[in-house]
Amino acid sequence: MEEAGAPHFPFPYQPYPIQEQFMQALYGALEHGKVGIFESPTGTGKSLSLICGALSWLRDHEEKRRQEADRLLQGDGGTSLSISSSLSTTTSSTLPSSSAEPDWITDFVQKKAERDFVSKLKDEELRRKKREEHLEMIRNNSQLKYALKRKSCEDDEAVKLLQLSKDPQEGELNNPEEELIVAEYESDDESKTKNKFCGGDDDDEDDLVEEHVTKIYYCSRTHSQLAQFVHEVQKSPFSQDISLVPLGSRQNMCVNEEVRRLGSVQRINDRCMEMQKNKHDQRPKEVEGGKRKRGASKAVCPYVGAQGLQTLRDTVLGAVRDIEQLLSLARETRSCPYYATRLAIPPAQLVVLPYQTVLHEGTRRASGVQLKGQVLIIDEAHNLSDVLSCIHSSELTGAQLCRAHSQLAQYSERYRSRLKAKNLMYIKQILFVVEGLVRVLGGKVGQNPHSQTTQPVTELLTINNFLFKAQIDNINLFKVQRYFEKSMISRKLCGFIEKYAGTGVTSHTQTSHTQTANKENRRTEGLNRYLQTLQSSQQPDTESPPGQQGAAEERELAASPMMQVEGFFMALTNANTDGRVVLHTQGNVAVSSMKFLLLNPAVHFSQVLKDCRAVIIAGGTMQPVSDFKQELLFSAGVGAERIIEFSCGHVIPPENILPIVLCSGPSGQELEFTFQNRDTPHMMEETGRVLSNLCNVVPGGVVCFFPSYDYSRRILENWEASGVLARLSSKKKIFQEPKKANQVEKVLSEFSRTIQRCAVDGGTLSGALLFSVVGGKMSEGINFSDDLGRCIVMVGMPYPNIKSPELKEKMAYLDKNLPHSGGRSPGQALIENLCMKAVNQSIGRAIRHREDYACIVLCDRRYSRPATLAKLPDWIRAHTHTHTSFGPAFASLRRFFMEKKKQQQL
């Protein structure tokens with residue numbers, strides 16, 4: 001019987017007990033504002049549990065707020081007392097002491113505060129009712145999209161009529177170069193910025209801005225994972241009542257085919273921003289001699305209109321759709337889904353978005369995402385620390401620096417007479433800093449970046465030491481960064497290069513006078529010659545067809561390198577202790593590089609934790625969780641009392657899994673794949689014998705993971721020479737993980753077809769064997785369910801390369817800043833955690849649903865150590881058996897599959 005006051009969780013079917021436990025724990029974490037680390041294996045309905053648990057809390061939270069508002073607005077004597085008590089703290093802190101003011105003043109202020117409070121409650125209740133009525137109208141109005149389509153067609157007809165009515169003799173166009181001039185820049189103290197939609201100030205667009213309601217932000221790694229989550233919401237009991245908004249990048253959400261054809265993310269973003277600027281950059285028409293002088297006819301996106309965006313926003317809120325369904329609707333209604341979804345964020349209850357949008361402050365601000373007082377769920381968060389470090393790290397090559405300097409110098413020279421003094425000052429500072437960065441790489445601005453300069457060397461510096469080495473420590477990078485943001489100089493340069501460097505983007509106008517054209521050609525001759533020199537001397541790292549190679553070079557040159565420079569400048573504004581700069585000089589400036597490495601991801605995650613009401617960090621495999629707590633939570637100032645951990649078991653019965661730690665092979669050779677032992681012929685041959693025996697008893701598919709691509713190549717070469725591969729191929733058809741990502745689907749399809757054929761034919765082959773690599777293309781996001789993965793073999797322990805300068809610096813940083821525990825330093829714990837996270841991800845590819853079964857063989861004696869076993873997921877560790885000799889292990893494997901075969905025959 002359900003307890004009184006216990007939350008009710010609507011579910012599409014009778015939930016498993018572990019799902020009920022998951023939802024109860026999630027509900028409690030959200031109710032009490034906790035930071036939760038939730039682990040639920042794949043196949044246990046994690047996404048549906050997240051949806052039903054979180055949305056049940058949101059439903060109850062909103063109901064409690066409505067009840068409280070109704071109680072306060074009833075108007076009885078008790079209500080006044082409640083209002084007075086709720087305001088007592090605020091009033092007492094703002095009012096002077098009773099001895100300083102008469103009682104009638106104190107009483108007047110108190111009553112006024114009560115009236116204001118009641119008025120605010122009434123306004124909020126009115127807005128809520130209007131919002132609910134509006135959403136209900138949207139959901140019930142099935143003819144809305146057809147009305148929008150008719151409206152769009154009418155707008156198109158009006159535009160055509162206006163175009164036909166233009167007088168071709170109405171005067172010369174305005175100067176098209178105005179849009180390439182840096183806007184007048186003022187300091188923060190001298191100016192006030194306006195946060196308008198797309199930079200506009202139209203009254204109808206101001207009406208689109210709404211106050212944010214309590215909502216849940218859900219983020220994951222890829223768009224496909226976000227789409228899967230939306231599909232789960234559609235199947236849930238909340239699908240008809242929840243207002244959901246999916247967010248994505250312009251590249252994924254643009255429906256303007258002219259813009260989509262540009263290909264690269266940067267060019268799509270720049271073109272979109274240019275079109276929005278054209279829309280709002282309406283200069284007053286001049287009158288000369290009674291004749292109007294028209295402005296330039298600039299391209300404006302036909303999908304961005306206030307009325308169309310507002311209607312598409314309402315349609316998005318009215319039904320749950322993924323991005324693909326939203327794109328189809330947007331094409332039909334000729335409205336922009338990118339901007340419409342951002343307009344829909346404030347009234348939405350559930351916002352689905354990628355990692356980068358919510359974890360990067362600048363992207364959050366640009367997208368309109370506000371985390372204050374909201375709930376954030378981060379799914380697939382097993383690599384959250386790495387994701388944060390990657391998002392806030394930055395890398396620059398010498399070729400990019402040289403191109404950025406040349407472009408900005410040419411730009412400054414061309415518009416020198418028209419730039420404000422403050423703009424010129426900051427441009428000179430940027431040029432000075434870029435020159436310093438080129439010097440650090442052993443080069444000099446103006447010389448051929450491909451000429452031999454220095455010997456290859458890698459150097460690691462603190463931020464301050466790097467600034468001293470580059471001799472740019474006298475520049476205030478914070479002010480330069482603000483200039484980048486307000487002037488948008490990087491985007492101006494991108495337009496400048498496209499206009500004058502012949503990148504294929506047609507300019508808006510062409511000068512009709514030959515003399516002016518020759519003058520412009522002379523001004524940009526140096527820039528064009530420099531770009532052609534870089535293009536001719538650039539040597540690609542990988543072989544590609546000539547046509548594709550040229551296209552790739554053109555796209556690379558089209559994107560403004562100043563964007564990368566701006567990102568690196570921002571990275572250098574981090575605290576000196578939070579990051580390092582790694583210099584890689586490779587003999588010439590063009591291929592040399594500098595990389596900012598973020599050592600403390602908590603510094604960027606702390607604001608998220610501070611703003612959000614509750615943060616849920618969820619994943620199928622979260623073990624080991626110690627690095628989450630130390631690196632991201634404790635370092636960000638989160639107290640231990642605010643953190644909760646929840647890990648549930650699997651829905652499969654215990655007899656459906658057989659995890660084995662194998663300490664030795666069939667011949668008695670001890671299995672310990674250390675760097676010194678793993679390359680010996682005896683170790684490789686023993687591994688081959690282990691795999692041959694497994695293939696004799698395991699039906700269907702076997703997936704074998706090696707610790708690295710290099711070791712995979714060496715051991716397979718040894719097996720081919722010794723005949724091991726021939727023995728394996730007599731039992732299983734052999735597949736290898738492809739080198740190119742676009743070939744993964746093909747290999748998996750053939751792998752699956754082979755297993756299905758073998759199951760039906762019953763010939764000499766019993767299935768297929770797939771060789772893969774930990775951390776590779778097959779170790780994450782691939783499901784080896786049922787016969788595809790009856791056995792997962794882990795060869796060795798995939799420790800990261802401790803000789804890497806970045807990893808060594810990260811270990812040193814952790815040893816210095818985090819407490820030591822368990823007899824091991826934080827740096828050593830990092831190495832072990834990275835290894836076991838990779839192992840857990842790989843072995844989690846099998847057993848994907850309740851009826852599935854598989855065995856997991858960990859081939860290395862070191863897995864038997866208690867500290868290592870403790871870092872396996874609970875549902876695997878509880879059933880793991882350690883075998884010091886091969887005989888008993890092989891017997892248990894044979895018995896396991898014989899029992900499964902008997903069960904299937906019954």
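Source: prediction; values computed, not measured.
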> Between E39 and M622, is there a donor-acceptor pair closer than 3.5 Å when you use the side chain of the first and the backbone of the second?
Replying inline: yes
>> Run M797 and Y863 through side-chain contact (heavy atoms from CB on, under 4.5 Å) and show every step you take.
In response: CA-CA 8 Å; M797 299 186 71; Y863 282 111; 3.6 Å; yes
>> Quiz question: by atom type and distance under 3.5 Å, do the side chains of S804 and N801 form a donor-acceptor pair?
In response: no
> When rounded to the nearest 0.5 angstrom, what distance separates CG in L30 from CG in L58?
Replying inline: 9.0 Å
> Out of curiosity, Q19 CD to K46 NZ, how far, rounded to the nearest 0.5 Å?
Replying inline: 12.0 Å
> Is the closest side-chain heavy-atom distance between P819 and Q630 below 4.5 Å?
Replying inline: yes
>> Given 3.5 Å as the limit, does a donor-acceptor pair link the side chain of H360 with the main chain of Q356, or not?
In response: no
>> Can a donor-acceptor pair be found, under 3.5 Å and without considering hydrogens, that links the side chain of E485 to the backbone of R482?
In response: no
> Just how far is it from atom CG of D860 to atom SG of C663, taken to the nearest 0.5 Å?
Replying inline: 8.5 Å
>> Pairing donors with acceptors under 3.5 angstrom, does anything connect the side chains of T621 and H382?
In response: no
> Would a 4.5 Å heavy-atom cut-off, applied to side chains only, mark F11 and M23 as touching?
Replying inline: yes
> Heavy-atom count around E361 CD within 6.0 Å, excluding the residue itself: above 12?
Replying inline: no
>> Within the structure provided, determine whether L396 and V565 are in side-chain contact (heavy-atom separation under 4.5 Å).
In response: yes
>> Looking at every non-hydrogen atom in both residues, tell me the closest pair between Q225 and S220 and how far apart they are.
In response: OE1-OG, 3.0 Å
>> Working note: V793 + V703, criterion side-chain contact (heavy atoms from CB on, under 4.5 Å); need CA distance, chi angles, decisive distance, verdict.
In response: CA-CA 6 Å; V793 182; V703 184; over 6 Å; no
> Just by distance, do the side chain of S842 and the backbone of V774 share a donor-acceptor pair under 3.5 Å?
Replying inline: no
>> For A348 versus V245, what's the shortest heavy-atom pair and its separation?
In response: CB-CG2, 3.5 Å
> Rounded to the nearest 0.5 Å, how far does CZ of F705 lie from CZ of R845?
Replying inline: 7.5 Å
>> Tell me whether the NZ or CZ atom of R678 lies within the 45° cone about the ring axis of Y711 and under 6.0 Å from its centre.
In response: yes
> Any side-chain heavy-atom pair from I644 and I37 closer than 4.5 angstrom?
Replying inline: no
> Distance only, no hydrogens: is a donor on one side chain within 3.5 Å (strictly under) of an acceptor on the other, for N833 and K871?
Replying inline: yes
> What pair of heavy atoms forms the shortest contact from L598 to H392, and how long is it?
Replying inline: CD2-CB, 3.7 Å
> What pair of heavy atoms forms the shortest contact from Y799 to E832, and how long is it?
Replying inline: CE2-CA, 4.1 Å
> Are a donor atom and an acceptor atom from the side chains of D386 and S389 found within less than 3.5 Å of each other?
Replying inline: no
> So, E641 and K34, do they make that salt bridge, N to O below 4.0 Å?
Replying inline: no
> Just checking, any donor-acceptor pair under 3.5 angstrom between side chains of E380 and Y355?
Replying inline: no
>> Classify the ring geometry of F229 against Y218: parallel below 30°, tilted from 30° to 60°, perpendicular beyond 60°.
In response: parallel
> Just one of V375, L350, L244, V351 clears the side chain to side chain contact (heavy atoms under 4.5 Å, CB included) bar with K215, so which one?
Replying inline: V351
>> With side chain to side chain donor-acceptor pair (under 3.5 Å) as the criterion, how do H584 and T458 come out once you've worked through the C-alpha distance, each side chain's angles and the decisive distance to 0.1 Å?
In response: CA-CA 5 Å; H584 293 289; T458 298; 3.0 Å; yes
>> Restricting to non-hydrogen atoms, name the atom on M778 and the atom on S772 that form the minimum distance, rounded to 0.1 Å.
In response: CB-OG, 3.1 Å
> So does K810 pair up with E631, basic N to acidic O under 4.0 Å?
Replying inline: yes
> Would you say T357's side chain and L353's backbone share a donor-acceptor pair under 3.5 angstrom?
Replying inline: no
> Would you call V795 and T687 a side-chain contact if the rule is heavy atoms closer than 4.5 Å?
Replying inline: yes
>> Apply side-chain contact (heavy atoms from CB on, under 4.5 Å) to residues V581 and L572 and explain how you reach the verdict.
In response: CA-CA 9 Å; V581 178; L572 292 179; 4.0 Å; yes
>> Check whether D852 reaches the backbone of S785 with its side chain - one donor and one acceptor, N or O, closer than 3.5 Å.
In response: no
> What's the spacing between N600 CG and S635 OG if we round to 0.5 Å?
Replying inline: 6.0 Å
> Is there a donor-acceptor pair under 3.5 Å between the side chain of Y217 and the backbone N or O of I378?
Replying inline: no
> Hey, do the aromatic rings of F596 and F568 have their centres closer than 6.0 Å?
Replying inline: no
> So do the side chains of I856 and L858 get within less than 4.5 Å of each other, counting heavy atoms only?
Replying inline: yes
> Backbone N or O of T397 within a donor-acceptor pair of the Q400 side chain at under 3.5 Å?
Replying inline: yes
>> Show the nearest heavy-atom pair for residues S56 and C52, with the distance to one decimal.
In response: OG-O, 2.5 Å
> Is the closest side-chain heavy-atom distance between I847 and N656 below 4.5 Å?
Replying inline: no
>> Once you measure the plane-to-plane angle for W57 and H61, does it fall in the parallel (<30°), tilted (30-60°) or perpendicular (>60°) bin?
In response: parallel
> OH of Y709: more than 12 outside heavy atoms within 6.0 angstrom?
Replying inline: yes
>> Please check this pair: side chain of R580 against backbone of I463, looking for a donor-acceptor N/O pair closer than 3.5 Å.
In response: no
> Under 3.5 Å, is there a donor-acceptor pair between the side chain of E737 and the main chain of K777?
Replying inline: yes
> Can you tell me how far CD of Q24 sits from CZ of F646, rounded to the nearest 0.5 angstrom?
Replying inline: 10.0 Å
> Any side-chain donor paired with an acceptor under 3.5 Å for H604 and N574?
Replying inline: yes
> Thinking salt bridges, do D379 and R221 make one under a 4.0 Å N-O criterion?
Replying inline: no
>> Assess the residue pair L583 and K469 against the criterion (side-chain contact (heavy atoms from CB on, under 4.5 Å)); give the C-alpha distance rounded to whole Å, side-chain angles, the decisive distance to 0.1 Å, and a yes or no.
In response: CA-CA 11 Å; L583 295 177; K469 185 180 180 69; 4.1 Å; yes
> Hey, does T880 have a side-chain heavy atom less than 4.5 Å from the side chain of L869?
Replying inline: yes
